[in-house]
Enquirer: 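This structure is in C-alpha cells; I'll ask about it shortly.
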Amino acid sequence: MQQTDQLLPFWALVILFTNVLILIFSHETSKLPVNRPQATALDTVYAYNENKNMDAKQQALKQLPSVDLVLDCSALSASSAPHCLVLEAAREAIAQARTTILHGATDPDVIGAASELSAIRVDALNRLRAKLTPSLRVVINATGTLLHTNLGRAPLCQAAIDNIASIAHAYSNLELDLETGKRGHRYTHVDELLCRLTGAEAAAVVNNNAGAVLLALTALARGREAIVSRGELVEIGGAFRIPDVMEAGGVALCEVGTTNKTHLSDYTQALREQTGLLLKVHTSNYRIIGFTQSVSAAELVELGRKHEIPVMEDLGSGMLFDLSEFGLPQEPTVSEQVAAGIDVITFSGDKLLGGPQAGLIVGKKWAIDKIRNHPLARALRMDKLTLAALETTLHQYLDRRKALDNIPVLQMLNMSETELAQRTAAFAQKLKEELGSSACVDVIAESSCVGGGALPATVLPGCAVAIHLPQQSLATLALTLRQQQPAVVGRIHDDALILNLRTVFPQQQQQLIHAVRQAVNPAKTPQE
C-alpha cells in the first residue's frame, strides 16, 4: 500500500507533461496556413438568400393551420359530402402546402402565401369537389373519330337510353318466362331479333366480341387445332391477339399461307385428324393491298362440309346492312356470311352496329347450343341494362330508314359534306364572336375516320374548325378543355386546336362554345 502511494506523484507528472505537449502542438498547428476557397460576394448573397428562405420556410411551417381550423369554414362545414371525404380533402390540402413550403417554392413571398388559411381552404374545397365528381363522365367528342375506343365507341340511340332507364329503375323479366311463370333464359330477349336480321338458325350474346371468340373457340375446338391464314392473325386493341385468345381457349394454332397470299390448297394440305375448326378472321382494323389472295367464306364452307369440320368467322365490327350506297367501302354483312353457310359468326355490338358493348354470336343451331351450354358462357354473360340497350338497338334495324335516322353512328357516317359544312361555318362564326381578338378561328378541310377497328381505309371528307392562340399554349388549352363539365376532347395539329363537328351532337354545340370560351378567356363574363 505504501509503495502504491509513492508512485502516484510520478504518474501525475507524466499526465501533466503530456497535456502540456498537446497544448503546444495545437497552438503551433493553428499557425499553419489553410487552403480555403475565398468567399465571393455572390457566395455571400447566396448564403443570405438561403438563410432568408430557411427563415421564411420555418415561419410558414409554424403558421400552417390545424385540420380543425381548415374545416371551420362555411363552404366545407355546410357540405353534404361524407365527413371522411371532407377530412381527407383538408388533410391533403395541408400536406400540399407543407410540400410547397419545403420543396416547391423558393420565393419567400410564395412560401408565406402557401401557409395562408384562406388558400388552404380553397385548395381543400377544390379537392373535395374533385372527389365528388364521377370518374366516368360525359365527354364532347370533337376529334372526328366516330368509334373512338378511348371515348366509349358508339353512342346509343335515344330509344335504347330510354329503355335502359325503364329497366334499371324496376324489376324485369330478365330470366323469367312470363307465359309459363317458370325460369327462362336471358338470351331469349334478343335471339329472335338476331335471327330475323341475319337469317341465322340461332343466336347467343356475351359481354364483348373477344369473349364471343374465346367462348366459340373453346366450345367448338378445345383440345384440337384451328387452321387460320397467316394474313388473318389479327391483333385488336390492348395487344390482344388471335393466337393468344386461341391459346387461352385450349385451341392449337395451325397457320397456313403467307401474310399476303393464302390459297384453298393451303387449308386442304393442313387438314389432319387433330383439325377441329376452320377459322376465318375478317381484317376489320387493317388492310393488306397489292399482290394479295384470300380464301372466301363459301370456299371454306365447302371444304369444311367435305371433311365434316365446322367453319367459324370473326367479323369483328360487323354490319347488318350494306352501306356502300353512301360512299362507304363494300364490307361483308352478317347476313351474307350466314347465307354462305358458315357455322358460327361473331361480331361486336358497339361498333358499326351502333349499340352497347356486346359480343354477338349467330349461326347453326347445333353450334350455338354447344356454345350456350359451355360453362364459360355464364362467366361472359351480359347484364340486364346491356340487354335492354341491345334489344332496342336491334329493333331499329327492322326498318332500314329508322336505323339510319335514329342510330348516331349511322347518322354520322351518312352526314353529307354540305350539311357538315353548313354546321361548321355557323359554329365558327359564333365562336369568333365569343372569342373576339383572343383567338383566330378558321374553317379548314378536315377528314374524319371511323375508328374502333372498323373500316380502316375509309376517309370521310369534310371540314373542321381550327383555333389558333397567339399568346396561350395549345397543350394548356387542351388540358383546360378536358377539365370542363362536360369534358371536351379535340385534336392538336399544325399549331391549332381542331374541333370536328361530325362527332359533336347538335345539342352539344352551345356547350362546346361555352367550354372553349371559358378555356380561352376564363375571366370573361358569359354572354348568355
Side-chain angles (χ1 to χ4, degrees), residues 145-150 152-154 194 197-198 200 203-217 226 228-246 248-249 259 262 277-289 292 294-297 300 311-324 328-338 340 342-363 371 380 382 390 393-394 397 407 409-410 413 449-458:
T145 301
L146 279 60
L147 299 173
H148 200 305
T149 300
N150 297 348
R153 288 188 183 166
L194 282 169
L197 292 169
T198 65
V205 290
V206 290
N207 58 5
N208 63 32
N209 190 46
V213 173
L214 174 63
L215 174 59
L217 285 170
V228 191
S229 167
R230 281 193 176 90
E232 298 175 0
L233 293 176
V234 305
E235 177 180 309
I236 61 175
F240 292 98
R241 299 174 175 178
I242 284 293
D244 297 335
V245 175
M246 292 176 67
T259 302
T262 301
L277 188 68
L278 300 178
L279 176 61
K280 185 171 181 61
V281 183
H282 179 58
T283 56
S284 58
N285 61 356
Y286 71 97
R287 287 288 181 271
I288 299 176
I289 60 174
T292 63
S294 62
V295 178
S296 68
L300 273 187
V311 179
M312 170 182 162
E313 180 169 15
D314 172 21
L315 267 183
S317 55
M319 292 179 66
L320 290 186
F321 55 66
D322 183 22
L323 294 174
S324 59
L328 299 175
Q330 183 77 41
E331 284 276 302
T333 65
V334 179
S335 57
E336 287 172 349
Q337 302 310 87
V338 169
I342 295 179
D343 297 290
V344 173
I345 300 168
T346 65
F347 56 102
S348 295
D350 60 342
K351 293 186 179 181
L352 294 178
L353 183 69
Q357 176 177 296
L360 312 182
I361 311 171
V362 298
I371 290 169
L380 296 172
M382 64 169 57
L390 178 60
T393 302
L394 291 173
Y397 280 91
I407 295 178
V409 170
L410 299 184
L413 280 171
C449 64
V450 179
L455 303 177
T458 300

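For the single chain, residues carry numbers from 1 onward in sequence order. Just so we're clear, the structure is a prediction, and the values are computed from it rather than from any experiment.
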Enquirer: Got a sec, which residues hit side chain to side chain donor-acceptor pair (under 3.5 Å) with Ser229, two or more places apart in sequence or on another chain?
Expert: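 For Ser229 the side chain to side chain donor-acceptor pair (under 3.5 Å) partners, ignoring immediate neighbours, are Thr262.
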Enquirer: So how far is it from Leu410 CG to Phe321 CZ, rounded to the nearest 0.5 Å?
Expert: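 The CZ atom of Phe321 is 5.0 Å from CG of Leu410, to the nearest 0.5 Å.
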Enquirer: Drop me the distance from Glu336's CD to Met319's CE, to the nearest 0.5 angstrom.
Expert: 9.0 Å
Enquirer: Please name all residues satisfying side chain to side chain donor-acceptor pair (under 3.5 Å) with Ser335, sequence neighbours left out, ordered by chain then number.
Expert: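 With neighbours one apart ignored, the set is Thr333.
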Enquirer: If I take atom CG from residue Asp244 and atom CE from residue Met246, how far apart are they, to the nearest 0.5 angstrom?
Expert: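 Spacing of CG (Asp244) from CE (Met246) equals 10.5 Å.
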Enquirer: According to side-chain contact (heavy atoms from CB on, under 4.5 Å), who are the partners of Ser294, at least two apart in sequence or on a separate chain?
Expert: none
Enquirer: Could you tell me which residues satisfy side-chain contact (heavy atoms from CB on, under 4.5 Å) with Ser296, sequence neighbours excluded, listed by chain and number?
Expert: Ala298, Glu299
Enquirer: Say you draw a straight line from CZ of Phe347 to CG of Leu194; how long is it, rounded to the nearest 0.5 Å?
Expert: 5.5 Å
Enquirer: Enter the distance from Leu217:CG to Leu279:CG here, rounded to the nearest 0.5 Å.
Expert: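 One finds 6.0 Å between CG of Leu217 and CG of Leu279.
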Enquirer: Report the residues that fulfil side-chain contact (heavy atoms from CB on, under 4.5 Å) with Asp343, sequence neighbours left out, ordered by chain and then residue number.
Expert: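 With neighbours one apart ignored, the set is Pro310, Val311, Lys364, Trp366.
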Enquirer: What are the two closest heavy atoms between Val295 and Leu300, and how far apart are they?
Expert: CG1-CG, 4.0 Å
Enquirer: Sequence neighbours left out, what passes side-chain contact (heavy atoms from CB on, under 4.5 Å) with Ala212? Give chain and number order.
Expert: Val206, Asn209, Thr346, Ile361
Enquirer: Roughly how far apart are Arg153 CZ and Leu146 CG, rounded to 0.5 Å?
Expert: 13.5 Å
Enquirer: Can you check whether Leu352 reaches Leu413 side chain to side chain, under 4.5 Å on heavy atoms?
Expert: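 Side chain of Leu352 against side chain of Leu413, heavy atoms only: contact under 4.5 Å found.
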Enquirer: Got a sec, which residues hit side chain to side chain donor-acceptor pair (under 3.5 Å) with Asn150, two or more places apart in sequence or on another chain?
Expert: none
Enquirer: Stepwise, does the side chain to side chain contact (heavy atoms under 4.5 Å, CB included) test hold for Lys351 with Val450?
Expert: CA-CA 9 Å; Lys351 293 186 179 181; Val450 179; over 6 Å; no
